[in-house]
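Inspection log for the structure reproduced underneath, given as structure tokens.
Reminder, nothing fancy here: chain letters follow the sequence lines and each chain counts from 1.
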Protein chains: 2
Amino acid sequence: MANDGQHLARLRDYYARHRVLPSYARIGALVGLNSKASVADLVLRLKAEGFVESTPDRRLKPGKRFFDRPLAESVRTGLPSPAADSSPEGLSIDEYLVAHPSKTVLITVKGDSMIDAGIHPGDVVIIEKRTSANIGDIVVAIIDNEFTLKRLHKERGRIVLKPENKAYPVIRPKGDLEIFGVVVGLFRKYR
Amino acid sequence: MANDGQHLARLRDYYARHRVLPSYARIGALVGLNSKASVADLVLRLKAEGFVESTPDRRLKPGKRFFDRPLAESVRTGLPSPAADSSPEGLSIDEYLVAHPSKTVLITVKGDSMIDAGIHPGDVVIIEKRTSANIGDIVVAIIDNEFTLKRLHKERGRIVLKPENKAYPVIRPKGDLEIFGVVVGLFRKYR
DNA sequence: TACGATAGCGAACGATCGTTCGCCGGTCAA
DNA sequence: TTGACCGGCGAACGATCGTTCGCTATCGTA
């Protein structure tokens, strides 16, 4: 229906507040439908467009397009917003960055050995714990009982750890290389 | 109970996958409890610690501490086995980065004019909207109807915008400088 | 050994869930 | 003017919801 857009907006607001989608009855109260059957129709339409989905328990969950930007803001009184599109609006930063919470750890960066990769001291890197990684990944390895942040490279068939700062040497592990996890994200706070 | 930590981890993973918390019955199947009554006890304990809450419809929703992430000390050299993380020290990424949600905007960075400040194209900067800033702040200014990310400097008594990349020129605004907001944080996702 | 505390189980409860159906009142093309 | 179509309504359905209760098994302390 024509109002589906507004209804979807209400749903997004509710989700932003509670991080959960409500029952059909509450959706009805929320958007102004008096019958759960009407809500069911609405949900069916939203499902068809990919805004919501169902869990196996017949609960609603956000669909792929649920977090799409509404694009309404682009008409801002001559004020352009050309730099901002496809930013993860509606999704919290945490949810955007952390895919597997139980394997995720935050580590504060010490030192500037990766500064050419844009990783500065004081930054916090988001680590997904795992014991293997691909060439080119930035990893946290355990060298001499200490955490080390470096990029994984291959050199004459051997794995090496390359800092991204010319002032630091390449690390060529003698024995096995113990990988603690892989860097999947980063954040930084200015004060 | 002692396993509550693992159970919470399962819940967080489920939420990361589905963006929704499941019913008591499914939680039981998820964490290995055969009775919904046991799940109710578990939920009660998690509620007491602020990890989950209830909506008025008696559904579960994430609580304040649900999005806390363990923060590892990079100096933890002694133990090579990081399995046991019992540290109650957690950090919520959103709360850490966003102090004033209503004044905060996210902008995806285009171009490499600030790359020496560790701000790369594709990064997302966290902007606090305000019309004034201090010397030394990284700001989003409006130049020729476009957003520009630069650092604020003073040059012979006049305000200028300095890129942090030798390949770009300093911008010396002719008239007034219109400031959109100040960069208070940044995040980046690797894939 | 005896005890209270605790975690989990299994069964049962009324309430609410999402779904389905038939009906109503508009809109629009024929 | 008619009639098919469509969004919404209201009632009813079985299924599942979260809650509650009493019970068992295990544990540490006395």
Considering residues at least two apart in sequence or located in another chain, which fulfil the salt bridge (Lys or Arg N to Asp or Glu O under 4.0 Å) criterion with A:Asp13? none
Expressed in angstrom and rounded to an integer, what is the separation of B:Asn34 atom CG from C:dA7 atom P? 17 Å
Residue pairs meeting side chain to side chain donor-acceptor pair (under 3.5 Å), one or both in residues 180-191 of chain A, sequence neighbours left out, come to A:Asp123-A:Arg188, A:Arg188-A:Tyr190
Can you tell whether the side chains of B:Arg130 and B:Glu128 come within less than 4.0 Å, N to carboxylate O? yes
Clusters formed by hydrophobic residues whose side-chain heavy atoms approach within less than 4.5 Å: which one holds A:Leu152, and what are its other members? A:Ile135, A:Val139, A:Ile143, A:Ile159, A:Leu161, A:Ile171, A:Leu177, A:Ile179, A:Val182
Expressed as a whole number of angstroms, how long is the span from A:Asn3:CG to D:dC6:P? 17 Å
Interface residues of residues 10-26 of chain B with DNA chain D (non-hydrogen, below 4.0 angstrom): B:Ser23, B:Tyr24, B:Ala25
Those residues at least two apart in sequence (or on a different chain) that pass side chain to side chain contact (heavy atoms under 4.5 Å, CB included) with A:Ile115 are A:Asp112, A:His120, A:Asn165
Under the rule for side chain to side chain donor-acceptor pair (under 3.5 Å), what residues qualify as partners of B:Lys103, not counting sequence neighbours? none
Taking any heavy-atom pair under 4.0 Å as a contact, classify A:Leu42: base, sugar-phosphate, or nothing. nothing
What pairs with B:Arg59 under salt bridge (Lys or Arg N to Asp or Glu O under 4.0 Å), at least two apart in sequence or on another chain? none
Mind listing the residues from residues 46-63 of chain B sitting with a heavy atom below 4.0 Å of DNA chain D? Number order is fine. B:Arg58
Please state whether the phosphate of D:dC9, meaning OP1 or OP2, lies under 4.0 angstrom from any side-chain nitrogen or oxygen of A:Ser38. yes
Across all chains, not counting sequence neighbours, the salt bridge (Lys or Arg N to Asp or Glu O under 4.0 Å) partners of B:Arg10 are none
Would you tabulate the pairs of protein nitrogen or oxygen atoms and nucleotide nitrogen or oxygen atoms of nucleotides 20-26 of chain C closer than 3.5 angstrom?
none

With sequence neighbours excluded, what pairs up with B:Ser113 under the side chain to side chain donor-acceptor pair (under 3.5 Å) test? B:Lys150
Taking side chain to side chain donor-acceptor pair (under 3.5 Å) as the definition, give me every residue that meets it alongside A:Arg58, ordered by chain and number, with sequence neighbours left out. none
